[in-house]
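Contents: one structure, followed by commentary.
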Amino acid sequence: VMVNCEKKQPMFSQEKRLELICRSIAHIPNAEAELFSGLLADYARQKNAHIIVKGVRNITDFDSEMQMARINQGIEPELETLLLPARAEFEHFSSTMAREMIRYGQPLEKYVPAPIAEELEKSYHVSIDKRKISLESDIKAYGSYSCEIKLHTGVTAKMTVMVTEE
């Protein structure tokens, strides 16, 4: 886990991020995670690594990562960087987008590993899995019922439920 000094308000502490990543990769043989706060080229040298693999979401990420790859190669000439494009459904997903989805109580399990989704649910008191939402009501007939749900995030969601015969 690289410590990004430019991030002003990270969602989790370095230690918590490390824990979540370790839990997320536990099923992958030979995968490990640790904290490092220096230059990636220095870390690669310490680990005797010659290839860095990074994911890029879009052309902006690609440009930025290409610049960093050139800088890293200038520091450590034998170091190569392989950039892997993200699948289309992840191209626009970012920590800013995650924060917005949390704010409005939207599910995140499609975008983040299960341990992270669970921690977000616990930390931010939002229901990550829509299947956990249930309505308590005295619905006794077919028809349309409207209600408002106050989310833990402070947002009020309006919902209409249609009760029909199967």
At what distance, to the nearest 0.5 angstrom, does CG of Leu39 lie from CD1 of Ile71?
-> 9.5 Å

Please report the shortest heavy-atom distance between Leu35 and Gln14, naming the atom on each side.
-> CD2-O, 3.6 Å

Is there a side-chain contact between Glu32 and Glu34 (heavy atoms, below 4.5 Å)?
-> yes

Taking atom CD1 of Ile25 and atom NE2 of His27, what is their separation to the nearest 0.5 Å?
-> 9.0 Å

Give every residue pair that meets the salt bridge (Lys or Arg N to Asp or Glu O under 4.0 Å) criterion with at least one member in residues 60-77, sequence neighbours excluded.
-> Arg45-Glu76, Lys54-Glu65, Arg57-Asp61

Pair Ile52-Leu40, side chain to side chain contact (heavy atoms under 4.5 Å, CB included): steps then yes or no = CA-CA 9 Å; Ile52 296 171; Leu40 183 55; 3.6 Å; yes

Minimum-distance pair of heavy atoms, taken over all atoms of Ile51 and Leu79 = N-CD1, 4.1 Å

For the residue pair Leu83 and Met66, establish whether any side-chain heavy-atom pair is separated by less than 4.5 Å.
-> yes

State, with a plain yes or no, whether a side-chain heavy atom of Gln46 is found less than 4.5 Å away from one of Phe36.
-> yes

Can you name the residues that form a side-chain contact (heavy atoms from CB on, under 4.5 Å) with Phe90, not counting sequence neighbours?
-> Ala86, Arg87, Tyr111

Residues Glu119 and Lys16 bridged, charged N to O under 4.0 Å = yes

Interatomic distance, NE2@His50 vs CD@Glu80, rounded to 0.5 Å, equals 11.0 Å

So do the side chains of Arg23 and Glu118 get within less than 4.5 Å of each other, counting heavy atoms only?
-> yes

By side-chain contact (heavy atoms from CB on, under 4.5 Å) - contacts of Ser64 (at least two apart) | none

So which heavy atom on Val112 is nearest to which on Ala117, and how close?
-> CG2-N, 3.8 Å

Please walk me through it: do Met101 and Phe93 pass side chain to side chain contact (heavy atoms under 4.5 Å, CB included)?
-> CA-CA 10 Å; Met101 291 177 75; Phe93 196 76; 3.5 Å; yes

Rounded to the nearest 0.5 Å, how far does CE of Met97 lie from CG of Leu108?
-> 11.0 Å

Side chain to side chain contact (heavy atoms under 4.5 Å, CB included) between Ile75 and Asp42, intermediate numbers included | CA-CA 8 Å; Ile75 295 168; Asp42 291 337; 4.3 Å; yes

Kindly check if the number of other-residue, nucleotide or ligand heavy atoms within 6.0 Å of CD (Glu78) is above 12?
-> no

Smallest separation among heavy atoms of Leu20 and Pro115, with atom names = CD2-O, 3.6 Å

